[in-house]
J.: 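Below: one structure in structure tokens.
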Amino acid sequence: MTAAASKSRPILPSGWEMVVGLEVHCELRTQTKLFCSCKNIFGDEPNTNICPVCLGLPGSLPVLNSHAVELAMLVGFALHCEIRPSIFHRKNYFYPDMPKDYQITQYDEPINVNGYLELSDGTRVRIERAHLEEDTGKTIHVGELGASGRIHQAQWSCVDYNRAGVPLLEIVSMPDIRSALQARAYVSELRGILLATNSSDAKMEEGSLRVDANVSVRRVRDQDESSADGELGTRCEIKNLNSLRSLVRAIDYEATRQVALLESAQEVVSQTRHWIEDEGKTLSLRSKEEAFDYRYFPEPDLLPLAPGLDWQKEVVSDLPPMPQERRDALANLVKEALGDDASLKDQVALLVELGLDTLATEAISSGADPRIVINRLSNEAPADHQAACRLDPKNFTALVVMEKNEQLTPTQAKAVLVEMLKSEDEPLKIAQRLGFETLGDQDLSAVVLQVVAEHQVEWSRYVQGEQQIAQFLVGQVMKLTKGRADGAKVVRELNKLGASENIEK
Amino acid sequence: MGARALAGRIRSGEVSALEVIDNCLAEISKRDSTIHAFVHVAYEKAREEAKEIDAKIAAGEDPGVLAGVPVALKDNLCTKAAPTTCSSKILENWVPPYDATVVTKLKAAGAVIVGKTNMDEFAMGSSTEHSAFGPTLNPRDTSRVPGGSSGGSASAVADGMVTLALGSDTGGSIRQPASFCGVVGIKPTYGSVSRYGLVAFASSLDQIGPLAGNVDDATMLLEVVSGWDPLDSTSLQRPSFILDSVSREGVKGIKVGILNELVDLVDNEVATQVRKAADLLDSEGAAVEDVSMTSIGWGIPAYYLIASAEASSNLSRYDGVRYGLRVEGANATLMNSFTRAKGFGAEVKRRIMLGTYALSAGYYDAYYAKAQKIRTLIIQDFQRVYERFDALLAPTTPSVAFLLGEKLTDPLAMYLSDICTVPSSLAGHPAMNIPFGTASGGLPVGIQIMAPALGEASMLKVAKTLEQASQGGFQ
Ligand SMILES: [Zn+2]
């Protein structure tokens, strides 16, 4: 997510604004589950990582995983939260994928409170709380499914309890978000923080990052849009947002729907709504009046959680630089070499998002050309950015140097990089393997002469000053050399040849 | 014969573990058709375990302090080898895939588990009449209840079917049946015995404890099962109790308070025995004095709200999805409802409803939160009292064992039979029953000894002194 994209675009009719708060659930990246020693791992065979505790068998008892507490505190620190003594509650409701028919969660005394997250557009979104809780299992409904995928429409259901008891951190923002794109920017930035702290895989597609949006709309009271303390409208909670794209579409849809209701003198009813991606709309799941009474009460099987200052200090000392800090650092490095160049800002943000900024920094610091570094890493590396993260900085630097020295053409350099992502070989070896030995200057001149000879008409137009035709001639050279020629060199060669012809004339 | 002596004879080879267990199983099969203390007798498994003990002894290995001693377990303690039903239809035939920590400890000490004992369903009751598998009778008078909810364990010990038994006590479920059956029953300090594998009724109150024919045996069993367990977050990080020699030290200099409010409340015959016990302790050198604790009367309402609230949550997992009874329904919610309607008995349903109500939005403050405040008040009151006393003396129950069916249709009367035992439960303090004389009909009377948290040593000194006097003919 980039700064440019988070700028608001008009979605609602003028005079209206949307007010959005987000609840983000992220699975914490611990070895074991929150209350037992079962493996916390995604994608294993169903019901293989289970035990009496996470199955909620009679007589079993929870024991808190201290690593989950550390990760919760780490994220809390990164979000500028206060770490507080906290307790666990039971949230009681029946659902087949919840083994105990209550969820152990934190209620009115969460571990992290009162933080904020700063977006790259400078907006500060306040964080109300970030608390620990256990995940549920996963129900797979088999049979006829309605659009909403709800259980009563299924013929039968299977439950996989591998996910039951996986530690979650629920991060609740205040309603400080004013557009769908800003919501997207918030989730992206939060994701960056979760990745930077190594506290979560934060993959929306795998469900390790899940977002619910609370959306309401209100009339803008005056021109001063920043006065956020006006009265809030009735809000709806949108669930089933499985991608950033869904998030944006659902919020825009929902806000538009609410404005339409209000403009036609109808009321917004407080509801939980389900986003239907295929139809591009939200549908009511239940009204808030039908909401469950969760009968929260303090979990008697666990002791209060009050991390001491020493433990907090130890955890905070592990806090790595956050994305904003890293963007600034890389941008400064690039700026020193290239001066202010707004066009690089998005690429810098992308590299930080992909975790490639360390590699970029190392390469640039050891003398690689910053522009080539940024280009290669933001264009070719994202295809397999996990492999890219493992690239040997020395090899990568060598590749950039080869491209800079015109030992490799940009096209060849790209191809070599793609290979480097697959093997750990040095770029020189890969280039040789691919037959990318530099085309000698003499060879190049010969090919250029051949092209000129074969395309006399185009050549004379070029010589007469028709610059656009150069593309065609370069293309022909590329064809003959199978891409081994350096485009810039070809143009130089053409010019040299043209100049000498003009002199002869 | 006491557990220690019996284990000694087995270890020395005077008698084999198998002979002891075979005798025990024969006694059970002879007597239990009348008493119905057991819901499951491990005929095969117990003999196997006994043979293993004998083999260990033959091989010169240490078979453990309880080598070959027959032990009965209340049926809410998880056992891999036997069903664990909590005397409920909803868990009928359910065999846990794991052993409770206390079971692991018992096995490590060489004890042989001979069976699982009857109880009020999910430990909710004071008579063992609320068992889905029929009531247990009091071996002292089979027209009477054995008390509850650990009625099966108390009867099995009282009738000589086993040497030792484990029960669980939430609001008096060890002490009250021990009193009705005339045996020793200890509810230890909350957290001193792991709850891992004890099917939860009310998590903040439940505690496993021993029932035995005498103080030494109960103490020995407590020593074996106590100690920190990393699987139970509420278990205290301290080693197992070492109490056996301590209990013989006598009561000289020990300050004992007589809880007026409770003594005034109970039947005359019971009150008389408490006064006699007080006199005896005084004559043995204890400093005995009356003491008042006004908050004690609020124990029952606070206890029934807190215990039921926790139970309503603890028992919600019996939904027909994963284990136990399932009654099919058109959808998951209906299946859940049908399963619970059929699987739970009336008393369990009553407590679930009470607890659900107490936690509901709009009622939480008036019921659950207020009950917790009373709990705090009772704890503070105890603190004040224990500044002056090492132990407190009170009746265990308001009366001797009542008749079968006498209180079955009057839940409130049944609840009130816990009035003497719930205060220590709410405070998490140790408390125990020691048989002390009989009432006019020959039924045993129990004296309750209470102590502050981890005050088991003074509690047992008082118990041992009363026991010695009883055995010496003092009435
Ligand atoms: Zn597990």
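Chain letters run A, B, ... following the sequence lines, proteins first, then strands; residues in each count from 1.
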J.: Any chance you could measure B/Leu231, atom CG, to A/Cys36, atom SG, to the nearest 0.5 Å?
T.: 11.0 Å
J.: Report which part of B/Asn314 has an atom under 4.5 Å of a heavy atom belonging to chain A: side chain, backbone, both, or neither.
T.: both
J.: Which residues in residues 81-94 of chain B have any heavy atom closer than 4.5 Å to a heavy atom of chain A?
T.: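 Result: B/Leu91, B/Trp94.
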J.: Got a second to check how far B/Glu310's CD is from A/Arg90's CZ, nearest 0.5 Å?
T.: 7.0 Å
J.: When only pairs under 4.5 Å are counted, which of A/Leu302, A/Asp301, A/Val53 shares the most heavy-atom pairs with chain B?
T.: A/Asp301
J.: By a 4.5 Å heavy-atom criterion (distance strictly below it), what part of B/Val199 contacts chain A: side chain, backbone, both, or neither?
T.: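 Both parts, backbone and side chain.
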J.: Output a table of donor-acceptor pairs, distance under 3.5 Å, between side-chain atoms of residues 352-370 of chain B and any protein atom two or more places apart or on a different chain; print 'none' if there are none.
T.:
unit_1	atom_1	unit_2	atom_2	d
B/Thr356	OG1	B/Ile352	O	2.6
B/Ser360	OG	B/Thr356	O	2.7
B/Tyr368	OH	B/Gln372	NE2	2.8

J.: Contact part of A/Tyr296 toward chain B, heavy-atom cut-off under 4.5 Å: side chain, backbone, both or neither?
T.: backbone
J.: Calculate, to the nearest 0.5 Å, the distance between atoms OG1 and CG belonging to B/Thr234 and A/Leu303 respectively.
T.: 7.0 Å
J.: Non-hydrogen atoms of chain A under 4.5 Å away: do they reach the side chain of B/Thr333, the backbone, both or neither?
T.: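 Contact with chain A is through both the backbone and side chain of B/Thr333.
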J.: If you round to the nearest 0.5 Å, how far is NZ of A/Lys100 from CG of B/Asp319?
T.: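 Separation between the atoms: 12.0 Å.
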J.: Answer yes when A/Asp101 and B/Arg322 have at least one side-chain N-carboxylate O distance shorter than 4.0 Å, and no when they do not.
T.: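 Salt bridge flag = yes for B/Arg322 with A/Asp101.
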J.: Show your reasoning for whether side chain to side chain contact (heavy atoms under 4.5 Å, CB included) applies to A/Phe94 and B/Ser316.
T.: CA-CA 8 Å; A/Phe94 166 67; B/Ser316 49; over 6 Å; no
J.: Taking every non-hydrogen pair under 4.5 Å, which of A/Leu64, A/Asn92, A/Val159, A/Leu57 racks up the most with chain B?
T.: A/Leu57
J.: Going by side-chain contact (heavy atoms from CB on, under 4.5 Å), name the residues that satisfy it together with A/Ile87, two or more places apart in sequence or in a different chain.
T.: A/His89, A/Glu109, A/Pro298, A/Pro304
J.: Applying side chain to side chain donor-acceptor pair (under 3.5 Å), name anything that partners B/Arg340, two or more places apart in sequence or on another chain.
T.: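 For B/Arg340, no residue satisfies side chain to side chain donor-acceptor pair (under 3.5 Å) once neighbours in sequence are set aside.
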J.: Drop me the distance from B/Tyr98's OH to A/Cys51's SG, to the nearest 0.5 angstrom.
T.: 9.5 Å
